[in-house]
Amino acid sequence: MIRVTVVGAAGRMGREVCRAALEDPGVELAGGVVEPGSPDVGADLGELCGAGRAGLAASEEPPEDAGVLVEFTTPEATVEHLSYRLPAVIGTTGLSEEQRARVEEAARSVPIVLAPNMSAGVNLLLGAVRELAEKLAGYDVEIVEAHHRGKRDAPSGTALLLGRAATSGRGQRLEDVAVYGREGVSPRREGEIGIHALRGGAVVGEHRVIFYGAGEEVEVVHRALSRRTFAEGALRAARFAAAAKPGLYTMQDVLSARG
Ligand code: NAD
């Protein structure tokens, strides 16, 4: 049994993780942190996520004995919450280099899983994309992602992960070859990777990586059909973090660990 505190408990992902935690017999929901000053402070966490009364109030700070923090907020809030010095699973995306460096620093004293995508499918796809990029060396790579209209950051953290998987298969750095959208006169340069973000409606998350050859094209697609897939991945990562030594871990570490 592990204890988990959901940070960003009133958000789309936070509510999904609270619901999954309340339904998982191996997880005890210790608390839920919502944005300071928000009308959700004091709300029942079960009612907030549609799971029925849980007898636990949403708070501005983690409770004592918070267990592992599961964070789905904003990059600014995520970095602020590192000061709690608690084991954490960070699902928040759009962290700058500097914010990521702060996470790395905090992970020297506590275990932190930093995973821009918690789904098992996407994480398996990374290996496939790396191999395709390596084996289909001369093919042009394009990445297209789609998300709901409320997503803040673009391109998605997952699109960047997929881009890094492709460049690692080719011995390149994404920073050197990525082109974000195209406009005006912008012919394709040899080796560039185009990354394109669509935003609209209620799309949970879709990623396509396309390899265009002279006489064929290969496309890998992942569609998240429900946020539940991310929530279950986050709880799996929390189980991993609860038992891990201090350090910075990825979802690949979580999925390759036993149990
Ligand atoms: P959302 O806007 O619905 O929820 C974010 C919540 O964080 C809001 O309720 C907001 O009030 C709250 N918040 C902001 N500052 C806070 C603070 N200081 N303390 C506590 N709560 C605070 O967004 P969302 O769709 O739930 O996504 C959240 C993040 O998770 C985004 O970065 C998104 O890209 C990412 N995400 C990651 C995965 C994954 O698998 N890693 C999956 C989906 C979304």
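Predicted model, so just to flag it, every value in this text is computed and none were measured. Note that ligands are numbered from 1 as they come in the structure, with each ligand's atoms numbered from 1 the same way.
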R170, CZ atom: more than 12 neighbouring heavy atoms under 6.0 Å: yes
Quick test: of every protein heavy atom, which one is nearest to atom 35 (C) of ligand 1, and how far off is it to 0.1 Å? G91 O, 3.5 Å
Using distance alone, decide if ligand 1 has a nitrogen or oxygen within less than 3.5 Å of any nitrogen or oxygen in F230. no
Under 4.0 Å from any heavy atom of D153, which atoms of ligand 1 are there? 34 (O)
Distance from atom 10 (C) of ligand 1 to nearest protein heavy atom, with residue and atom: E35 OE1, 3.4 Å
Looking at R223, I want to see if its CZ is surrounded by more than 12 non-hydrogen atoms of other residues, nucleotides or ligands under 6.0 Å. no
Is there a nitrogen or oxygen of T93 sitting under 3.5 Å from a nitrogen or oxygen of ligand 1? yes
Ion pair present between R228 and E232, side-chain N to carboxylate O less than 4.0 angstrom? yes
If you take the nearest heavy atom of each of V34, T92, T73, which one is closest to atom 28 (C) of ligand 1? T73
Would you mind checking which non-hydrogen protein atom is closest to atom 5 (C) of ligand 1, with the distance to 0.1 Å? F72 O, 3.7 Å
Quick check for you: to the nearest 0.5 Å, what is the distance between H222 atom NE2 and N123 atom CG? 9.0 Å
Is it true that E192 and R182 make a salt bridge, defined as a side-chain N closer than 4.0 Å to a carboxylate O? yes
Minimum-distance protein heavy atom relative to atom 3 (O) of ligand 1: R12 N, 2.9 Å
Element-labelled atoms of ligand 1 that are located less than 4.0 Å from some non-hydrogen atom of M13: 26 (O), 43 (C), 44 (C)
How about CD on E190, more than 12 heavy atoms from neighbouring residues, nucleotides or ligands closer than 6.0 Å, or not? no
Any P116 heavy atom less than 4.0 Å to ligand 1: yes
Ligand 1 atoms in contact with N117 (distance to a heavy atom under 4.0 Å): 39 (C), 40 (O), 41 (N)
H148, any N or O under 3.5 Å of ligand 1 N or O: no
In one Ile/Leu/Val/Met/Phe/Trp/Tyr side-chain cluster, 4.5 Å: L160, V220: yes
Contact between K151 and ligand 1, counting heavy atoms under 4.0 Å? yes
Just jot down the ligand 1 atoms closer than 4.0 angstrom to any heavy atom of G8, in number order. 7 (O), 21 (N)
If you draw a 6.0 Å radius around CD in Q252, do more than 12 non-hydrogen atoms from other residues or ligands fall strictly inside? yes
How about R100: does its CZ atom have over 12 heavy atoms from other parts shown lying under 6.0 Å from it? no
Tell me whether ligand 1 is touched by A10 - counting only heavy atoms on the residue side and a distance under 4.0 Å. yes
Min N/O separation M118 to ligand 1 under 3.5 Å: yes
Ligand-residue contact atoms, ligand 1 with A77, heavy atoms, under 4.0 Å: 15 (N), 16 (C), 17 (C), 18 (N)
Note the single closest protein heavy atom to atom 19 (N) of ligand 1, along with its residue, its atom name and the distance in Å. H81 CE1, 3.4 Å
Keeping T5 on the side-chain end and A66 on the backbone end, is there a donor-acceptor pair under 3.5 Å? yes
Can you measure from CZ (R152) to OG1 (T92) and round to the nearest 0.5 angstrom? 9.5 Å
Side chain or backbone, does G11 bring an N or O within less than 3.5 Å of an N or O on ligand 1? yes
Would you mind running through ligand 1 and noting each atom that sits below 4.0 Å from a heavy atom of A115? 41 (N)
With side-chain contact (heavy atoms from CB on, under 4.5 Å) as the criterion, how do Y212 and R188 come out once you've worked through the C-alpha distance, each side chain's angles and the decisive distance to 0.1 Å? CA-CA 12 Å; Y212 292 101; R188 196 171 216 292; over 6 Å; no
Does R15 come within less than 4.0 Å of ligand 1, judged by its heavy atoms? no
Is E16 paired with R19 through a side-chain N to carboxylate O contact shorter than 4.0 Å? yes
